[in-house]
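Encoded as structure tokens, the structure appears first; notes follow it.
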Amino acid sequence: MRLADYVVSYSLQINNRCLRYLAECDTRDGGTLVPEGGDDLSGEGHMVYAESLLTRDSRRLASMWSLMKPGWADTSAEVVSHVKTLEKAASGLADGGSGHRLAMRLASVASEDHEAQAILTIARKLRTEKPFSWDTLNEMFAQDSLFWRESVDFRQLPDDALCQRVARSYRKSYRLANNCFADAKNLTPKQRDKLQRRVQLCAHQLELLRPGLSDKGKSQLWYLLMMSDTLRTRSGLLKLHFEAQQAVAHDKTVEQQTLDIVLRHIDRQIEKMDKRMLRLASDCFSVKPKHIARWVEEAVEGLGLRDVSLMQTGQSGRDRDPNGSAGSTTGKELV
């Protein structure tokens, strides 16, 4: 098994986790995600779980497709279209109701009762719609599984080329971060968004190699993942700040004092994220890109990919899981 095959196997494991989750859901309440069998998950709890799993894994899958891009970008219009859909879904799943869920989390950890109550009041006014139905998500992940299993062309990418792409992701993040943190207080929204995308891509691609990374490599990965989470949380807080103002503007039953309490609380949280971001930066990008490149190569060697039998893929492998064992294929999985 070469690194390209390992990427396919890794991606299929992520994909199958999403398909299994969707297979346990039923289309009720207009196509929203609801567990079968009368599970007593609350609607709020279930939505949080759906976002944490489906959104997180959509981002990871998009990062894997980015890693393999030289093998598919010029060969299949269908794959190109699918990757765009996957990236849109990752963003859309996070956007639909994320402000409400973030507000609920802020209320749960607020140190003052009056702040918690004010945040809850605003949270009830925020939108919570799901932008993607069960059918849409199931079709997307099923198609994703199909493309990975039929990835004969881009599975020919050599190990060295893929190692260079992982190292390149860190190098770009490293350079961008150095430019951004040189004047961190004056970062533009565009710079923050670009840094967030770059760090996330780098973290996901390095996470692929976690089992083969040294302790230093795993430590570096931890900082990258923390930076990615911090940047994403900060972005969510800014969005919540705007949504709270919009919600109150359209609902005159909320007092201005309540909104002011919430906005001040959000501003303090944004300030905390800024401080955390600066603390993380010194460790997150302390390693030179050339060292990361060497660690990536060592990780691939440590995984022993050349000693592993090639994974079964293609049409005959659609009813098997990424590890080669037989798996059930329900009508809902569409695999």
Side-chain angles (χ1 to χ4, degrees), residues 1-11 13-14 56-57 59-75 83 86-87 90 148 151 153-182 191-232 277 280-308:
M1 178 187 278
R2 298 184 309 169
L3 182 54
D5 296 302
Y6 181 72
V7 174
V8 174
S9 179
Y10 177 85
S11 301
Q13 291 179 53
I14 295 174
R56 177 197 64 194
D57 283 349
R59 289 194 294 259
R60 285 175 172 167
L61 286 170
S63 295
M64 293 304 100
W65 281 110
S66 178
L67 176 61
M68 303 292 279
K69 190 172 183 177
W72 58 261
D74 297 325
T75 60
V83 174
L86 184 66
E87 292 172 342
W148 282 117
S151 56
D153 292 335
F154 61 81
R155 279 177 43 227
Q156 304 306 313
L157 289 172
D159 288 4
D160 289 346
L162 290 176
C163 285
Q164 289 171 11
R165 285 187 65 77
V166 176
R168 174 174 170 267
S169 290
Y170 179 81
R171 185 171 65 251
K172 286 196 170 185
S173 298
Y174 179 88
R175 291 174 178 173
L176 181 60
N178 282 340
N179 291 333
C180 289
F181 293 124
Q191 285 177 312
R192 290 186 189 277
D193 290 343
K194 188 175 182 180
L195 181 62
Q196 179 183 332
R197 290 194 301 272
R198 282 293 177 192
V199 173
Q200 177 177 283
L201 183 66
C202 175
H204 286 167
Q205 292 182 357
L206 199 59
E207 189 176 31
L208 164 77
L209 305 174
R210 183 197 291 269
L213 289 173
S214 64
D215 289 342
K216 288 183 178 179
K218 290 176 181 176
S219 176
Q220 192 67 22
L221 172 60
W222 183 86
Y223 283 115
L224 286 166
L225 289 170
M226 285 293 293
M227 177 65 81
S228 178
D229 288 343
T230 300
L231 288 166
R232 190 165 52 250
M277 183 174 62
L280 288 169
S282 59
D283 292 307
C284 191
F285 302 104
S286 61
V287 179
K288 299 292 185 182
K290 64 180 181 180
H291 295 312
I292 292 293
R294 187 180 71 250
W295 291 356
V296 168
E297 292 176 358
E298 291 173 351
V300 173
E301 287 295 323
L303 289 171
L305 300 180
R306 294 176 180 83
D307 300 324
V308 181

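Every heavy atom of this structure was used, including side-chain atoms; hydrogens, water molecules and symmetry mates were not. Values in this document were obtained by computation on a predicted structure and should not be read as measured data.
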Nearest atoms (heavy-atom pairs only) where Val199 meets Ser228: CG1-N, 3.8 Å
Distance col, row Glu301:CD vs Leu209:CG, nearest 0.5 angstrom, shows 12.0 Å
Is it the case that the side chain of Asp229 and the backbone of Met226 share a donor-acceptor pair, with hydrogens and angles ignored and the cut-off at 3.5 Å? no
Let's go through Trp295 and Leu206 carefully: what are the C-alpha distance in whole Å and the side-chain angles of both, what is the deciding distance for side-chain contact (heavy atoms from CB on, under 4.5 Å) to 0.1 Å, and is it a yes or a no? CA-CA 10 Å; Trp295 291 356; Leu206 199 59; over 6 Å; no
Which residues share a side chain to side chain donor-acceptor pair (under 3.5 Å) with Glu298, sequence neighbours left out: none
Closest heavy-atom pair and its distance - Cys163, Val300: SG-CG2, 3.5 Å
To the nearest 0.5 Å, what is the distance between OG (Ser66) and CD (Glu87)? 7.5 Å
With sequence neighbours left out, the residues meeting side chain to side chain contact (heavy atoms under 4.5 Å, CB included) with Ala293 are Ala167
Please assess Ser286 against Gln220 for the test side-chain contact (heavy atoms from CB on, under 4.5 Å), listing each intermediate value before the final yes or no. CA-CA 9 Å; Ser286 61; Gln220 192 67 22; 4.3 Å; yes
Please determine whether the number of non-hydrogen atoms from other residues, nucleotides or ligands lying under 6.0 Å from atom NZ of Lys218 exceeds 12. yes
State whether the side chain of Ser63 and the backbone N or O of Arg59 hold a donor-acceptor pair below 3.5 Å, judged by distance alone. yes
Please walk me through it: do Leu224 and Phe285 pass side-chain contact (heavy atoms from CB on, under 4.5 Å)? CA-CA 8 Å; Leu224 286 166; Phe285 302 104; 4.1 Å; yes
Contacts of Ser169 meeting side chain to side chain contact (heavy atoms under 4.5 Å, CB included) (sequence neighbours excluded), chain-then-number -> Leu201, Cys202, Gln205
Rounded distance [0.5 Å steps], SG in Cys180 versus CZ in Arg192: 8.5 Å
Suppose we screen for side chain to side chain contact (heavy atoms under 4.5 Å, CB included). Which residues come up paired with Met68, at least two apart in sequence or across chains? Ala4, Val7, Trp72, Trp148, Phe154, Leu157, Leu162
Do the side chains of Trp222 and Asp283 get nearer than 4.5 Å, heavy atoms only? no
Between Ser151 and Val8, which heavy-atom pair has the shortest distance, and what is it? OG-CG2, 3.5 Å
Rounded to the nearest 0.5 Å, the CD atom of Gln156 sits from the CG atom of Asp5 at a distance of 8.0 Å
Check Leu86 against Ala62 and note the closest heavy-atom contact, atom names and distance. CD2-N, 3.6 Å
To the closest 0.5 Å, what do you measure between CZ (Arg56) and CZ (Arg232)? 10.5 Å
Taking every heavy atom of Arg165 against every heavy atom of Leu67, the minimum-distance pair comes out as NE-O, 2.8 Å
Do the side chain of Tyr6 and the main chain of Leu208 share a donor and acceptor less than 3.5 angstrom apart? yes
What's the spacing between Cys284 SG and Tyr174 OH if we round to 0.5 Å? 11.5 Å
Residues in side chain to side chain contact (heavy atoms under 4.5 Å, CB included) contact with Glu207, at least two apart in sequence or another chain: Tyr10, Arg60, His204, Arg210, Leu221, Leu225
Taking only residues two or more places apart in sequence, or in another chain, which ones meet Arg294 in a side chain to side chain donor-acceptor pair (under 3.5 Å)? His291
Charged N-O contact under 4.0 Å between Arg2 and Asp159: no
